[in-house]
Amino acid sequence: MKIRVLQHDPATHLPQRPGDPTPVSRNLNPLMHPFARVRERTRALNAAKMDRMFSKPFIASLEGHVDAVEVMAKQPGSLTTVASGSWDGGLIVHHLARRSQLLHVPHAHKGKVSGVCFSREGRLFSCGVDRNVKLWDLESSDTQPVTVFSGKSAFNSIDHHNSDPLFATASNLVQIWDETKSLPVSNLTFPTSTETITSVRFNFAETSVLASVGSDRTFTLYDIRTGKAERRVVMQMSSNALSWSPTFPTTVLLASEDHNLYTFDIRHLATPSQIYKGHVAAVMACDWAPTGLEFVSGGWDRTVRIWKEGQGHSPEVYHTKRMQRVSSALFTADARFVLSGSDDGNVRVWKAKASERLGVIGGRERAAIEYRESLKMRWKIDPEVGRVVRSRHLPQPVYQASKLKRTMLEAQRVKEDRRRKHTRVGLEKPKAERKKLVITEQT
């Protein structure tokens, strides 16, 4: 039987030489309690556990569609108005606060609605695979479009200019339209481009700059003043959606088919500035928060994830038993809520912070919330506190898929490390992950 005995250094509690006073360890700060750090850590751990206990992000489901929700758009300058379009051609404008419908057109388009957007004045535009772009009046009770713009091919996406009466559509090429004219005023193509454009977005600050992603794995930048494509990169995998940062005009976010999200600085397109890993299937939608500090993504793995800008791991994960593959996701204009549209025909409303309490919060309660948040930030490096803060429940299929994916990525990393280590001098060594994403850049 082995007995373990606590043993202390005699120098810490016995005199060093005969006649020396006995050493006494004490805190000389009269305001500091000797157990202050122990108490603070306990409070931080309790705050982290309470945050997970009260984490109930789901708020409501906005019903009305009878098929998969394909696209969503929020009205500029409004906190409550959101439009959504579905595969059955239905178009609904929701009022989030009242959870009611401001406009419901069951058959706005023949076939699926592939794009919706608002103008700065509040006009609603929608496009579909029926080769039409329709302008709707939200103030009128009439369900007929105000104007119809006809194209030559099916439209995949639409976005409105930030200030001018112009909008851009994506099909087999990018076209710029004027609201007062029936034909496009400009066709933007790359000289060697043969792809189908899947998404197009105007920059918020430099409004003449336009970006698009295509089915041939390309990301292209256009300038509507010159009427041509300025830069273009070919990536390893195609992107399904893109979103411009509202606070950093040169930063663009791409939702890729390879389960990752990438942020690029358009001044340096050779490598992404950050890689965000967490999804276990293709990422179908992404959108920045108005603050530019976080963004939301929705994927084919039936989860909605909220990411911190610059932190490529440990996102907030939202899911329900009935939610199917997520094809659209949005942040509201006040950055407090997140919307998701999925294949089961529902538009779901979530809290941006899962444990946030809705309603009026008093001053003392607000101070207590801020104190608990600062405690978690200060003690997140503690192993136990950090484990509670990072823990997220995942559905069983997503958990098993993520475990398998980690095993595959680790095996690939070990293989590349060995190749890099044993490559002969003079031969090309395997590139780092960031340098392999962009295959070539064209101007």
Side-chain angles (χ1 to χ4, degrees), residues 55-75 78-118 122 124-130 134 136-145 158 241 284-287 296-306 316-334 336-352 354 356 358-359 395 398:
S55 176
K56 297 181 179 179
F58 180 73
I59 297 177
S61 177
L62 307 179
E63 300 178 354
H65 291 291
V66 296
D67 208 339
V69 179
E70 175 72 8
V71 289
M72 293 191 300
K74 55 190 173 186
Q75 182 179 358
S78 174
L79 299 177
T80 58
T81 305
V82 173
S84 61
S86 67
W87 278 61
D88 64 336
L91 181 66
I92 299 178
V93 180
H94 305 273
H95 192 284
L96 299 181
R98 297 197 298 261
R99 301 180 191 176
S100 60
Q101 299 176 359
L102 300 178
L103 176 68
H104 185 190
V105 186
H107 302 288
H109 291 269
K110 295 180 180 178
K112 75 172 183 177
V113 178
S114 56
V116 291
C117 70
F118 283 93
L124 176 62
F125 292 82
S126 66
C127 67
V129 295
D130 58 353
K134 297 183 179 181
W136 306 89
D137 186 8
L138 300 183
E139 303 297 331
S140 174
S141 59
D142 189 9
T143 58
Q144 296 300 319
I158 186 172
M284 304 303 298
C286 60
D287 185 53
V296 62
S297 65
W300 215 243
D301 56 0
R302 304 187 295 276
T303 62
V304 177
R305 303 184 185 232
I306 300 177
E316 188 72 60
V317 184
Y318 295 161
H319 57 88
T320 66
K321 290 184 178 180
R322 298 185 180 183
M323 185 167 68
Q324 298 302 311
R325 297 173 294 197
V326 180
S327 54
S328 57
L330 275 182
F331 250 105
T332 57
D334 57 356
R336 292 187 62 197
F337 304 99
V338 165
L339 305 175
S340 66
S342 53
D343 280 4
D344 55 289
N346 285 339
V347 176
R348 290 178 170 84
V349 185
W350 314 79
K351 300 177 190 175
E356 182 182 11
L358 301 180
V398 177

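Quick caveat, the model's predicted, so the values are computed rather than measured.
- With sequence neighbours excluded, no residue forms a ring pair (Phe, Tyr, Trp, His ring centres under 6.0 Å) with W300.
- Scored by the ring pair (Phe, Tyr, Trp, His ring centres under 6.0 Å) test, F331 finds no partners at all (sequence neighbours excluded).
- With K74 contributing its side chain and L330 its backbone, the two residues share no donor-acceptor pair below 3.5 Å.
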Chi angles and distances behind the side-chain contact (heavy atoms from CB on, under 4.5 Å) call for L62, I92: CA-CA 10 Å; L62 307 179; I92 299 178; over 6 Å; no
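- Proximity of W136 to V105: side-chain heavy atoms (C-beta onward) are separated by under 4.5 Å at one or more points.
- Inter-residue side-chain proximity for V113 and V71 is flagged as met; some heavy-atom pair is nearer than 4.5 Å.
- Taking 4.5 Å as the limit, every side-chain heavy atom of V82 sits out of range of all side-chain heavy atoms of V347.
- For the pair T332 and L79, the minimum side-chain heavy-atom distance is 4.5 Å or more.
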Checking F118 against L138 for the side-chain contact (heavy atoms from CB on, under 4.5 Å) test, could you report, in this order, the C-alpha distance in whole Å, the side-chain angles of both residues, the deciding distance, and whether it holds? CA-CA 11 Å; F118 283 93; L138 300 183; 3.7 Å; yes
Run L358 and I59 through side-chain contact (heavy atoms from CB on, under 4.5 Å) and show every step you take. CA-CA 10 Å; L358 301 180; I59 297 177; 4.1 Å; yes
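- Between V296 and Y318 the shortest side-chain heavy-atom distance does not fall below 4.5 Å.
- For the pair V398/H319, no side-chain contact is recorded, criterion being any heavy-atom separation below 4.5 Å from C-beta on.
- Put simply, the side chain of T80 never gets that close to the backbone of A97: no donor and acceptor are under 3.5 Å apart.
- Remark: K112 engages E70 in a salt bridge, criterion side-chain N to carboxylate O under 4.0 Å.
- Classification of the W350-F58 ring pair by plane angle, with boundaries at 30° and 60°, yields perpendicular.
- Side-chain contact between S84 and H65 is present, with heavy atoms from C-beta onward closer than 4.5 Å.
- Between R348 and R322 there is a side-chain heavy-atom pair separated by less than 4.5 Å.
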Would you please test V116 and M72 for side-chain contact (heavy atoms from CB on, under 4.5 Å) and show each step? CA-CA 6 Å; V116 291; M72 293 191 300; 5.6 Å; no
